[in-house]
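Worksheet: one structure, shown below.
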Amino acid sequence: MAAMASKRGALIVLEGVDRAGKTTQCKKLVQALLQSGLPAEMMRFPDRSTTIGQLISAYLEKKSELEDHTVHLLFSANRWELVPVMKKKLEQGITLVVDRYAFSGVAFTSAKPGFSLDWCMKPDTGLPQPDLVMFLQLNPDEAALRGQFGAERYETSAFQKAVQEKFEQLMKDQTVNWKIINASQNIEGVHDDIRTHSLNVINKAQTMPLGEL
Ligand code: DGP
Ligand code: NA
Ligand code: NA
């Protein structure tokens, strides 16, 4: 049977510190793509619905304790377990809009004492490479104005500051298609920037094979 001429979807990731607006913007982007007739779906990591995701969720809610290397590997395993689904959807021409990915994995663990960026990146090596990673940039003072932190693990301003610095190191990697988005604009302004970058990359992705981290 002849293969259908099909165009793959793009893998688009939103990263950023807490309260930068990632989840809101992921939802708005999926809506906008669908309205333009482009198949799109949202995913998020950690995906708390799987067995591994439930272990992660209990850890984040401080209902359980896990050794730091162990939890790093669980977060990575949570991404790997979704790879078959991600690849299938991309092959079907669906663009995936992902709320956090391996970059959060590296930034959050390497912000803990005793973890090198290099060690943190290893378990995610070989994951599907995003066609575009947009970093929602918001300075800590503005983030603080958006309200109190929640009660989950990692939700302190000192830790978030350390995470922000790790993201800045990661953004120097030119093998990743980083775009920095000014997240201090209003919601529609941020959305316009995100949509423009995304439409560009969806066109390009159709002619390029999916890469690997
Ligand atoms: P969220 O559901 O987007 O609020 O993310 C949950 C928290 O987990 C958030 O503080 C970011 C953190 N996080 C996300 N991915 C990873 C990861 O791979 N490793 C670590 N250590 N933390 C992560
Ligand atoms: Na959170
Ligand atoms: Na998440």
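Heavy atoms only: backbone and side chains are in, while hydrogens, waters and symmetry mates are out. As the structure lists them, so they are numbered: ligands from 1, and atoms in each ligand from 1.
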Report the relative orientation of the aromatic rings in W119 and H69; use parallel for angles under 30°, tilted for 30 to 60°, perpendicular for over 60°.
perpendicular

Please work out whether the ring planes of F108 and F167 are parallel, tilted or perpendicular, with thresholds of 30° and 60°.
perpendicular

With a heavy-atom distance limit of 4.0 Å, tell me whether R79 approaches ligand 1 through its side chain, its backbone, both, or neither.
side chain

Enumerated ligand 1 atoms positioned under 4.0 Å from heavy atoms of L60
6 (C), 7 (C), 8 (O)

Show me which atoms of ligand 1 lie under 4.0 Å from any heavy atom of R44.
1 (P), 2 (O), 3 (O)

If I apply the N/O under 3.5 Å rule, does [X] come out as touching ligand 1?
| X | answer |
| --- | --- |
| Y154 | yes |
| R100 | yes |
| Y101 | no |

Spacing of I181 atom CD1 and L138 atom CG [to the nearest 0.5 Å]:
13.0 Å

Using heavy atoms and a 4.0 Å limit, tell me yes or no: is K112 in contact with ligand 1?
no

Could K89 and E41 be called an ion pair, given the rule that one side-chain N must be under 4.0 Å from one carboxylate O?
yes

Just going by heavy-atom distances, which of Q160, E61, R48, R153 is nearest to atom 6 (C) of ligand 1?
R48

Please state which option from F108, F159, F149 has its nearest heavy atom closest to atom 11 (C) of ligand 1.
F108

Exam field: side chain T196 to backbone D192, donor-acceptor pair closer than 3.5 Å
yes

Among L11, L96, V98, which residue meets the side-chain contact (heavy atoms from CB on, under 4.5 Å) test with P128?
L11

Does some side-chain heavy atom of F103 sit less than 4.5 Å from a side-chain heavy atom of D173?
no

